Number of protein chains: 2
Amino acid sequence: MRIQSRVLGAVEQDLKKAGFPPLAWYDALLELSRAPGGEMRPVELEKQMLIPQYSTSRLIDRLVEEGLAARRECKMDKRGLFVEITEAGRDLQKRMWSAYSAAIERHVGSKLSDADAAKLCGLLDRLGCSCDQAAQMSPNTAATR
Amino acid sequence: MRIQSRVLGAVEQDLKKAGFPPLAWYDALLELSRAPGGEMRPVELEKQMLIPQYSTSRLIDRLVEEGLAARRECKMDKRGLFVEITEAGRDLQKRMWSAYSAAIERHVGSKLSDADAAKLCGLLDRLGCSCDQAAQMSPNTAATR
DNA sequence: GACTATTCCATGCAGGCGCATTTAATCAAG
DNA sequence: CTTGATTAAATGCGCCTGCATGGAATAGTC
């Protein structure tokens, strides 16, 4: 817990000092930029990022507010919508990656050999294994399933 | 990051379902209960728990509000004060431990042998090593040193 | 076709955090 | 003793989160 908090904090600080928004924005922009057509449903995004539903909704709010993404109507299912990344969004994602990758290298890569990193992954994966799947999702969604 | 979030989330959920307050309260109560006389200065608590200064101040607020701790005057240094754990505080700490230890065993202990746990610790420690010390502290404190 | 259940997304509210600043006491010089 | 710097703790403000709920569209049932 201690180490995770330190490393994540350090990386976020690096990004902030470089004048970039929080990591969550990067994660979302990356997912969107990889999606076919640069657009996806909020539900998809939610599943990819493992964050609760309302959190997705508000993250999209902020991205739209900054002109990094746009909400588009979904004709197949009028409850839903599409989120589409804009050019500005793609651009920011790329620029953030340079700072982000440097931070990762600085705070993680440079401290562990590839073999050690693999060992670490292996050990951590065992912890995640049978963690009941509902627990890390939206409590909302989890409760109703 | 993913695993840490899951495991911590699962443990916190277990505590919450058992009707207990957040983990941070337990950490604070444990520190206090171990301190000589059951009391310590906020600054000490801050260092032990690796959380920022204002966060300590507010955590103490909540503990006091619930009657788990009390603020006592500090005669040597009138800027400061002592936080003293109450009987109710000691009691809660003990009751929480039963739920907390069970959660740890369930989500961590049962999934890793002692040897594996030791390996994991070793690998993680290397990540925390030369992480610049100021970064994980209060930005306030960090900036002025 | 009417009714209920379910899914998708948004939002009001309360609480917590980070940041900056404030207040008050101590320390360090001259 | 006075002045300025430093340290301890608290707090106002804005943002983010979690929880619960709301409204709108769809799917399933008889």
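Computed from a predicted structure; not experimentally measured. Chain identifiers are assigned alphabetically (A, B, ...) following the order of the sequence lines, protein sequences preceding nucleic acid strands; residue numbering begins at 1 within each chain.
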side-chain N/O A/Lys47 vs C/dC8 OP1/OP2, d < 4.0 Å: no
Residue whose closest nucleotide on DNA chain D lies nearer the 5' end, B/Arg41 versus A/Ser55: B/Arg41
Residues in contact with DNA chain D, drawn from residues 57-67 of chain B - heavy-atom cutoff 4.0 Å: B/Ser57, B/Arg58
Gap between atoms CG and P, on B/Leu50 and C/dG18 respectively (whole Å): 13 Å
Whole-Å gap separating P (D/dA10) and CD (B/Glu46): 11 Å
Nearest non-hydrogen partners of A/Leu29 and A/Gly89, listed with the distance: CD1-O, 3.9 Å
With A/Ala102 via side chain to side chain contact (heavy atoms under 4.5 Å, CB included) - residues at least two apart: none
Heavy-atom closest pair, residues A/Lys111 and A/His107: CD-O, 3.8 Å
Option among B/Arg90, B/Arg72, B/Arg71 that satisfies the salt bridge (Lys or Arg N to Asp or Glu O under 4.0 Å) test with B/Glu84: B/Arg72
B/Leu8 CG to D/dT17 C1', straight-line distance once rounded to whole Å: 14 Å
Distance, rounded to the nearest Å, where A/Phe82 contributes CZ and C/dC8 contributes C1': 13 Å
Base of D/dA10 paired with side chain of B/Gln53 (donor-acceptor, under 3.5 Å): yes
Qualifying residues under salt bridge (Lys or Arg N to Asp or Glu O under 4.0 Å), relative to B/Asp14, sequence neighbours excluded: B/Arg106
Residue list, salt bridge (Lys or Arg N to Asp or Glu O under 4.0 Å) with B/Arg34, at least two apart or on another chain: none
From C/dC9, D/dC19, D/dA9, nucleotide with atom closest to A/Tyr54 side chain: D/dC19
Chi angles and distances behind the salt bridge (charged side-chain N to carboxylate O under 4.0 Å, His left out) call for A/Arg126, B/Asp116: CA-CA 10 Å; A/Arg126 278 205 255 157; B/Asp116 287 337; 2.9 Å; yes
Any residue meeting ring pair (Phe, Tyr, Trp, His ring centres under 6.0 Å) with B/Tyr100, in chain and number order, not counting sequence neighbours: B/Tyr26, B/Trp97
Heavy-atom pair with the smallest gap, counting every atom of A/Ala103 and A/Val11: CB-CG1, 4.0 Å
Length of the NZ-P vector between B/Lys16 and C/dG16, whole Å: 10 Å
For DNA chain C, the residues among residues 70-81 of chain A that have a non-hydrogen atom under 4.0 Å from it: A/Arg71, A/Arg79, A/Gly80, A/Leu81
